[in-house]
Amino acid sequence: MPTPFDDAERLVREFARRTNLQLAGRPFRVSRPDAIGAALHVLLLALGAREVTGDSTPPGLLEFGEAVTLDGAALPDRGDANGRIDFAGAHMAASRELAADLRLEGLSIGVAMTLEPKTANLALLLAGAGANVAVYAHPDETDPSVAEALRERGIAVDADPSLTGAAEREAALAWLGRGFDVVMDDGSHLVRLAHELAPHQVARWIGVTEETTSGLRPLRAMEADGVLATPVIAVNDAATKTQFDNRYGTGQSCVFAIADVLEGAGVTLRDQPALVIGYGPVGQGVAAHLRALGVSVSVAETDSVRALLALYDGFEVGDAAQLAEGALVVSATGVPASITRYEWRNAVAAAVAGGVPGELDLDGAELVPVAPHLDRAGNTLILDRGGCINITAAEGNPIEIMDLSFATQLAALAHLLEARPGIGVFALPPESVDRVAQAALRSRGLTANPATASGRGEDDWRSLRYR
């Protein structure tokens with residue numbers, strides 16, 4: 001029989017599923033006086049939402065009363081792909097502010113990212129600033145209805161979910177053959193392919209902005225080996241990206257997607273303990289969100305400092321093979337074979353958060369369908385065949401989180417065009433990162449005054465305030 005906490009969790013997940021909005025940092029009020037209301041209060045605080053008291057109504061207020069409302073209205077029906085694109089755009093104020101200052105006439109920009117409503121808005125903002133834009137997405141990371149809606153709005157889209165093998169590679173090469181001045185990549189797949197098979201295209205690039213840890217890792221190796229042939233701005237390393245996208249965005253969206261998929265098989269997250277493999281920003285977010293939902297969480301981490309951090313965060317830390325037995329195992333490493341055959345065979349379920357191909361080693365495994373996005377291999381439930389669960393089984397990271405990431409991409413683009421650095425991987429300057437954060441605060445009705453020339457004093461807390 002469901003408990004009040006079960007009902008509260010389902011209400012929160014329904015809000016996230018219907019809106020694709022973030023819980024952490026969101027103002028909320030619970031007015032229902034029953035046990036579910038009490039459970040909602042506890043759960044929302046654990047997820048990082050901010051309780052509002054009195055009659056104040058800050059932007060984005062989520063209320064749980066007789067009905068669930070957002071900004072005083074019923075939860076929206078986002079409708080078709082165009083409706084989802086427009087809804088996402090309405091909640092991407094920081095990206096709009098950064099894009100408003102760009103002048104991109106005469107530039108050709110390639111966007112190679114998961115294609116869903118937030119990415120569609122990035123492409124539309126770039127086009128609105130004057131750029132000629134073309135979007136590419138891997139077949140497994142393409143929402144075909146969003147792709148078609150974007151084409152109808154005048155954006156070139158090279159994305160087809162039906163492509164496999166050689167046809168997929170040919171489509172990627174054809175996209176590169178359009179010829180770009182700047183490439184915005186996610187995972188550096190297209191940047192690396194161009195270095196391998198289209199170096200003449202790389203030679204014309206002003207540079208690249210790279211979104212992810214897994215994408216920067218090989219680019220830095222290429223730089224060290226002397227084969228990198230373009231400037232790269234490390235968007236992922238900016239605090240406005242990795243400290244929010246990875247921890248809060250991927251944490252919420254992956255854990256909620258896992259809960260939604262397991263629910264299809266009659267399994268709740270709290271039915272078994274969980275093991276998170278990897279305690280970087282993604283692993284930290286996954287572990288924190290699992291714990292907020294009442295799951296007993298342990299961590300396996302090969303980096304000694306991160307293992308110590310997990311211990312200080314209150315998690316059991318130990319050997320993955322031992323902790324996997326009887327657990328939900330979630331890989332958060334971005335490294336192939338992080339969940340080995342031995343580990344998943346002893347687990348109750350296995351999933352990948354973030355991810356690269358083969359992060360869950362399923363080579364030779366026989367998968368039997370159980371429910372949507374869920375198979376069984378032996379006694380283990382395999383979530384979405386080891387795909388990046390928040391993308392393959394959900395809508396990806398929440399809108400406000402991707403607003404931060406894409407605003408950071410736009411700041412990186414502005415820096416790249418102004419600085420024109422040489423070949424190498426470069427950090428985004430602090431002033432660019434601060435500009436993104438300031439824009440995000442303004443969208444939430446807050447301002448943060450910069451430090452004065454006299455330095456930061458004891459009253460600096462006063463600089464953060466509601467307008």
Side-chain angles (χ1 to χ4, degrees), residues 22 94-95 98 109-114 116 118-119 122 137-138 141 182-192 195 205 207-224 228 230-254 278-286 303 306 331-335 338 352-357 359 388 390-391 396-398 400-416 419 421 423-437 439-440:
Q22 183 73 37
S95 294
L98 270 290
I109 298 178
V111 177
M113 298 182 183
T114 299
E116 38 75 46
K118 287 91 70 180
T119 310
L122 173 63
H138 187 276
E141 298 176 350
V182 176
V183 171
M184 293 180 162
D185 207 349
D186 181 336
S188 72
H189 303 294
L190 275 297
V191 171
R192 285 178 281 154
H195 276 74
W205 292 351
V208 170
T209 61
E210 170 53 44
E211 177 86 0
T212 64
T213 304
S214 57
L216 286 172
R217 189 179 296 124
L219 293 180
R220 287 195 166 105
M222 290 167 63
E223 180 183 21
L228 184 68
T230 187
V232 176
I233 306 299
V235 172
N236 178 78
D237 293 355
T240 46
K241 194 280 179 185
T242 195
Q243 290 187 24
F244 295 87
D245 183 303
N246 299 24
R247 181 180 178 91
Y248 297 103
T250 306
Q252 174 182 303
S253 59
C254 285
Y279 205 65
V282 170
Q284 292 164 30
V286 169
D303 181 279
R306 287 179 171 177
S331 178
T333 65
V335 177
S338 291
V352 173
V356 295
E359 193 162 331
C388 180
N390 65 333
I391 294 174
N397 283 349
E400 301 98 330
I401 289 296
M402 294 312 299
D403 181 34
L404 267 175
S405 292
F406 288 160
T408 308
Q409 279 277 3
L410 294 168
L413 173 63
H415 174 67
L416 179 67
I423 292 172
V425 179
F426 302 94
L428 188 60
E431 58 271 21
S432 297
V433 177
D434 184 68
R435 187 176 175 217
V436 174

Of the non-hydrogen atoms in [X] and [Y], which two are nearest, and what is the gap between them?
X: Pro281; Y: Asn246; value: CB-CB, 3.6 Å
X: Asp185; Y: Val191; value: OD2-N, 3.0 Å
X: Asn397; Y: Ser253; value: OD1-OG, 2.9 Å
X: Ala411; Y: Leu98; value: CB-CD1, 4.2 Å
X: Phe406; Y: Met113; value: CE2-SD, 3.6 Å
X: Ala440; Y: Leu404; value: CB-CD2, 3.7 Å

Say you draw a straight line from [atom1] of [X] to [atom2] of [Y]; how long is it, rounded to the nearest 0.5 Å?
X: Thr333; Y: Glu359; atom1: OG1; atom2: CD; answer: 3.5 Å
X: Lys241; Y: Met402; atom1: NZ; atom2: CE; answer: 7.5 Å
X: Gln409; Y: Thr119; atom1: CD; atom2: OG1; answer: 10.0 Å

key: Candidate pair His195 and Thr230, rule side chain to side chain contact (heavy atoms under 4.5 Å, CB included), full reasoning   = CA-CA 9 Å; His195 276 74; Thr230 187; 3.9 Å; yes

Between the side chain of [X] and the main-chain N/O of [Y], is any donor-acceptor distance below 3.5 Å?
X: Gln22; Y: Glu400; result: no
X: Thr212; Y: Gly187; result: yes
X: Arg192; Y: Gly215; result: no
X: Asp403; Y: Ala94; result: yes
X: Thr408; Y: Val433; result: no
X: Asp245; Y: Ser405; result: no

inquiry  = Arg217: which residues meet the salt bridge (charged side-chain N to carboxylate O under 4.0 Å, His left out) condition with it, sequence neighbours left out?
reply    = none

ask   = With Glu210, which residues qualify under salt bridge (charged side-chain N to carboxylate O under 4.0 Å, His left out), at least two apart?
value =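 Here no residue qualifies.
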
[X] vs [Y] side-chain heavy atoms within contact, under 4.5 Å:
X: Leu413; Y: Ile109; value: yes
X: Leu122; Y: Leu410; value: yes
X: Leu416; Y: Pro421; value: yes
X: Leu428; Y: Thr240; value: no

key: Verdict with supporting geometry, Lys118 and Asp186, salt bridge (charged side-chain N to carboxylate O under 4.0 Å, His left out)   = CA-CA 14 Å; Lys118 287 91 70 180; Asp186 181 336; over 6 Å; no

key: Qualifying residue for side-chain contact (heavy atoms from CB on, under 4.5 Å) with Glu211, from Val235, Leu216, Thr114   =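 Per the side-chain contact (heavy atoms from CB on, under 4.5 Å) rule, the option paired with Glu211 is Val235, out of Val235, Leu216, Thr114.
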
